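Following: one structure in structure tokens, then a few remarks.
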Amino acid sequence: MTTTNTNANSIREAADYIRSKTDIVPEIGLILGSGLGILANLIEDAVSIPYEDIPHFPVSTVEGHEGELLLGTIQGRPVVMMKGRFHMYEGYGPEVTAFPVRVMKNLGVSGLLVTNAAGGVNTSFKPGDLMLLTDHLNLTGKSPLIGPNDASLGVRFPDMSEAYSRRLRAAASEAASEHDFTFREGVYAGLLGPSYETPAEIRMLRALGADAVGMSTVSETIVARHAGIEVLGISCITNMAAGILDQPLSHEEVMETAEMVKEKFLSLVLSIIPKM
Ligand code: R1P
């Protein structure tokens, strides 16, 4: 059910607090995936606000998710960036994990770049690949929109036929070609976690049409679409999913691969933002 910390008043209180700390009116929101905190270096004249200071904000509990909101500019565009996101396996409901997206909307955001670390399900992928999300499978069994619908936040039955904006995907591909780079493209399956998937689950996901798998993103995207925000999603394929290689999975490997691709990711995001 909708809880007191995710209703319209709470969103306004969180946004008002953020506005009291900066004059930046962000147009673009960014959410950084596991190990991708380095993208925060892209922001000029950043104002940093710890999550614990923001009314109604949850706190980050996962390694690689620092827990600060940054506001500033990237290539002259005003942005708000979540350095650290929330996951359902931390014990938060989907509406709590996506609460910051509603706050971003209140601040003025119309485009969201959501990034994540994901396991490669498509066997033609390699660790270090970057994948544009063409769509997602919400396999968490939950929706952040459960409960009474507040019409001031969005419609009761939001359309999800273009969850990840075609226009923004084209813009990202164009930016990549300027770097002689080609994104992978595919479907992201969002699961609850926190255990990594079994080889049988990965075979199931592949049969369902998934190309990558992770434990985030889907709730954020659902709330963004509900709010009328255009979404661009990029997965960093940090490892091959279970059963593809004969080796166990670990969060250390996820963080190491994210570290390996950081320069590429930084330069791409720098080129993508002006086109959003
Ligand atoms: C597992 O290594 C963690 O990495 C991914 C998974 O969802 C999980 O949290 O993190 P992000 O999706 O936040 O990038």
Side-chain angles (χ1 to χ4, degrees), residues 29-40 51 57-69 81-94 96-101 112-121 125 127-133 136-142 144 163-164 184 186-198 201-202 205 210-224 231-242 244-245 247-262 264-266 269:
L30 296 96
I31 302 180
L32 307 188
S34 285
L36 299 171
I38 186 81
L39 293 178
Y51 290 164
F57 245 61
V59 291
S60 292
T61 68
V62 186
E63 193 201 336
H65 290 270
E66 276 79 356
E68 50 175 339
L69 196 71
M81 177 183 278
M82 284 181 74
K83 191 176 181 193
R85 67 142 60 82
F86 311 109
H87 308 82
M88 279 183 258
Y89 63 74
E90 294 173 78
Y92 299 125
V96 176
T97 66
F99 174 72
V101 176
L112 178 67
L113 171 55
V114 59
T115 66
N116 59 53
V121 174
F125 288 3
D129 280 350
L130 298 177
M131 182 190 91
L132 289 181
L133 275 66
H136 75 217
L137 292 164
N138 176 13
L139 299 175
T140 64
K142 299 184 179 197
Y164 300 89
R184 302 287 198 163
V187 174
Y188 175 90
L191 276 67
L192 269 183
S195 50
Y196 290 116
E197 305 69 34
T198 64
E201 286 165 346
I202 294 302
L205 294 175
D211 297 289
V213 62
M215 308 165 195
S216 68
T217 304
V218 293
S219 293
E220 297 153 359
T221 297
I222 290 169
V223 161
V231 182
L232 176 66
I234 304 179
S235 287
C236 173
I237 306 297
T238 47
N239 55 284
M240 295 314 289
I244 298 178
L245 304 175
Q247 63 185 55
L249 274 50
S250 73
H251 192 54
E252 287 67 44
E253 183 190 6
V254 167
M255 302 281 289
E256 276 166 29
T257 311
E259 169 74 17
M260 214 174 72
V261 301
K262 68 181 184 196
K264 169 68 63 188
F265 219 141
L266 284 172
V269 171

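Counting convention: from 1, in listed order, for ligands and their atoms alike. As the structure is a prediction and not an experimental result, all values here were calculated from the model.
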Original post:
At their closest point, which heavy atom of Lys83 faces which heavy atom of Ala40, and how far apart are they?
Top reply: CD-CB, 3.8 Å

Subject >> Backbone of Ile31 reached by a side-chain donor or acceptor of Thr115 within 3.5 Å >> reply: yes

Original post:
With side chains defined as the heavy atoms from C-beta onward, is the minimum distance between Tyr51 and Glu66 less than 4.5 Å?
Top reply: no

Subject >> Sidechain-backbone polar pair: Asp211 side chain, Val187 backbone, donor-acceptor under 3.5 Å >> reply: yes

Original post:
For Thr217, which of Ile222, Val231, Val114 qualifies under side chain to side chain contact (heavy atoms under 4.5 Å, CB included)?
Top reply: Val114

**OP:** For ligand 1, find out whether one of its N or O atoms is nearer than 3.5 Å to an N or O atom of Thr115.
**Re:** no

Subject >> Nearest-option assignment for atom 7 (O) of ligand 1, heavy atoms, candidates Glu253, Met215, Met88 >> reply: Met215

**OP:** Check each atom of ligand 1 against the heavy atoms of Arg85 and keep those under 4.0 Å away; list them by number with element.
**Re:** 11 (P), 12 (O), 13 (O), 14 (O)

Original post:
How about Tyr188 and Val218: do any of their side-chain heavy atoms sit closer than 4.5 Å?
Top reply: yes

Original post:
Can you find an N/O atom of Asn116 closer than 3.5 Å to an N/O atom of ligand 1?
Top reply: no

Original post:
Got an N/O contact under 3.5 Å between Ala117 and ligand 1?
Top reply: yes

Subject >> Contact summary for Ala241 and Val121, nearest pair of heavy atoms >> reply: CB-CG2, 4.2 Å

**OP:** Could you list the atoms of ligand 1 found under 4.0 angstrom from a heavy atom of Tyr89?
**Re:** 8 (C), 9 (O)

Original post:
Looking at ligand 1, does any of its N/O atoms fall within less than 3.5 Å of an N/O of Gly33?
Top reply: no

Subject >> Interfacing atoms of ligand 1 (cut-off 4.0 Å, heavy-atom, Ser216) >> reply: 7 (O), 11 (P), 12 (O), 13 (O)

Original post:
Just which atoms of ligand 1 are under 4.0 Å from any heavy atom in His87?
Top reply: 9 (O), 10 (O), 11 (P), 13 (O)

Original post:
For ligand 1, which atoms sit closer than 4.0 Å to a heavy atom of Val254?
Top reply: 2 (O)

Subject >> Atoms in ligand 1 flagged as close to Tyr196, the criterion being non-hydrogen separation under 4.0 Å >> reply: 1 (C), 2 (O)

Original post:
At their closest point, which heavy atom of Ile38 faces which heavy atom of Lys262, and how far apart are they?
Top reply: CG2-CB, 3.5 Å

Original post:
Quick one: does Tyr188 get an N or O within less than 3.5 Å of an N or O on ligand 1?
Top reply: no

**OP:** Locate the shortest heavy-atom distance separating His87 from Ser216; write the atom from each residue and the value.
**Re:** CD2-CB, 3.8 Å

Subject >> Ligand-side contact atoms (ligand 1) for residue partner Ser34, heavy atom cut-off under 4.0 Å >> reply: 3 (C), 4 (O), 5 (C), 10 (O), 11 (P), 13 (O), 14 (O)

